[in-house]
There are 2 protein chains.
Amino acid sequence: MLNNQGALDQVFQALADPARRAMVERLTRGPAAVSELARPLDMTLSAVVQHLAVLETSGLVRSEKVGRVRTCRIEPKTLRNAEQWIAQRRAIWERRLDRLGEYLASQPEDDTSKE
Amino acid sequence: MLNNQGALDQVFQALADPARRAMVERLTRGPAAVSELARPLDMTLSAVVQHLAVLETSGLVRSEKVGRVRTCRIEPKTLRNAEQWIAQRRAIWERRLDRLGEYLASQPEDDTSKE
DNA sequence: CCAATACTTAAGTGAATGCTTAACAATCAG
DNA sequence: CTGATTGTTAAGCATTCACTTAAGTATTGG
């Protein structure tokens with residue numbers, strides 16, 4: 001859990017690109033070869049390999065090569081880290097709103113409705 | 001819910017920067033002025049204003065100016081959209097693993113444990 | 001062996017990012 | 001009015017990004 005700072009940078013950066021999100025989306029339906037990931041994308045294989053490198057260094061995807069085929073799969077742990085960062089902020093925000101609600105409810109009606 | 005594609009691009013892109021995440025983090029504890037957001041960050045006010053612009057066009061933050069002070073607050077709806085994208089991928093992945101588990105459990109033991 | 005398949009790597013390019021400085025505008029306090 | 005706050009905006013600059021083309025390197029099927 002060290003260096004969570006730069007790790008999140010890389011994960012969110014990786015998810016910021018639609019091609020990379022499409023690749024992640026494909027991989028949630030099961031492992032795939034590089035050219036399978038490339039097929040629906042309107043770019044060269046070379047570009048896809050570079051996107052894959054971004055996904056791998058972010059930790060979102062891992063892959064191994066057997067023969068001439070590299071098979072990729074997602075790493076759900078990394079996905080969960082990103083999810084949790086967001087979920088925690090949202091939780092803090094919502095607790096804050098709850099406390100604010102209680103406070104307002106406990107206040108006497110200060111009806112200063114004249115100019 | 002239109003154009004969810006580019007919207008997610010912007011949200012994840014916004015979250016990919018540590019200064020911007022720090023600003024979001026600060027705002028989850030309540031609204032703040034621009035110079036309050038700037039104080040802990042080691043950069044000029046100008047840079048902070050530019051980060052704020054990124055956060056606002058992504059929809060993560062909204063702000064209004066009264067007098068000479070601009071007050072910023074987070075927009076939890078946008079945060080939730082990003083969270084849901086991730087949560088959905090993770091859900092699909094986990095359902096997949098469940099089905100795979102059931103399949104393996106239903107298989108006869110193929111104990112080919114000799115060389 | 002030979003040619004297709006499945007990547008891999010390097011170099012280059014134009015556009016986007018993350019800053020900075022500097023000059024400016026609009027309050028507000030005394 | 002005058003100066004200190006609080007931001008805003010433009011310009012410039014170095015770096016990073018998202019590609020492309022081009023030239024490889026294994027593997028594999030026949």
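Residue numbers begin at 1 in each chain, while the letters A, B, ... track the order of the sequences.
At a non-hydrogen distance threshold of 4.0 Å, A:A33, A:V34, A:S35 from residues 31-42 of chain A come into contact with DNA chain C.
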Let's go through B:E83 and A:R90 carefully: what are the C-alpha distance in whole Å and the side-chain angles of both, what is the deciding distance for salt bridge (charged side-chain N to carboxylate O under 4.0 Å, His left out) to 0.1 Å, and is it a yes or a no?
CA-CA 9 Å; B:E83 190 185 348; A:R90 217 162 54 79; 2.5 Å; yes
Would B:V61 and B:R73 count as a side-chain contact (heavy atoms from CB on, under 4.5 Å) here? Give the steps.
CA-CA 6 Å; B:V61 169; B:R73 64 193 69 242; over 6 Å; no
Verdict with supporting geometry, B:L27 and B:L37, side-chain contact (heavy atoms from CB on, under 4.5 Å)
CA-CA 8 Å; B:L27 290 176; B:L37 293 178; 3.8 Å; yes
Evaluate side-chain contact (heavy atoms from CB on, under 4.5 Å) for B:D17 paired with A:D9, printing each intermediate quantity in order.
CA-CA 6 Å; B:D17 186 278; A:D9 283 21; over 6 Å; no
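For B:E25 and B:R21, the salt-bridge test fails: no basic side-chain N is under 4.0 Å from an acidic carboxylate O. No salt bridge links A:R62 with A:E56; every basic N to acidic carboxylate O contact stays at or beyond 4.0 Å.
The NE2 atom of A:H51 sits 6 Å away from the C1' atom of D:dA18 (whole-angstrom rounding). Protein atom CZ of B:F12 is 19 Å distant from nucleotide atom C1' of C:dT17, rounded to whole Å. Following rounding to the nearest Å, A:D9 (CG) and C:dT17 (C1') show an atom-to-atom distance of 13 Å. Going from atom CD of A:E56 over to atom P of C:dT8 covers 9 Å, rounded to whole Å. Separating the CG atom of A:L45 from the C1' atom of D:dT20 is a distance of 13 Å, rounded to the nearest angstrom.
Between A:A19 and B:L52, the one whose closest nucleotide on DNA chain D sits nearer the 5' end is B:L52.
From B:R26, atom CZ reaches atom CE of B:M23 across 11.0 Å, with rounding to the nearest 0.5 Å.
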What's touching nucleotides 12-17 of chain D from the protein side, N or O pairs under 3.5 Å?
none

Using a cut-off of 4.0 Å between protein heavy atoms and nucleotide atoms, how would you tag nucleotides 22-30 of chain C 5' to 3' with B, S and -?
-----BS--
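A cation-pi contact, defined as under 6.0 Å to the ring centre and within 45° of the axis, links B:R89 to B:W85. In this structure, B:R96 satisfies the cation-pi test against B:W93, with its NZ or CZ atom closer than 6.0 Å to the six-membered ring centre and inside 45 degrees of the ring normal.
Looking at A:L60 and A:E75, their side chains never come closer than 4.5 Å, going by heavy atoms from C-beta outward. With contacts defined as side-chain heavy-atom distances shorter than 4.5 Å, the pair A:V34/A:V69 does not qualify.
When the nucleotides D:dG7, C:dT20, D:dC19 are ranked by their closest atom to the side chain of B:T44, C:dT20 comes out on top.
Neither OP1 nor OP2 of D:dT27 sits under 4.0 Å from any side-chain N or O of A:K65.
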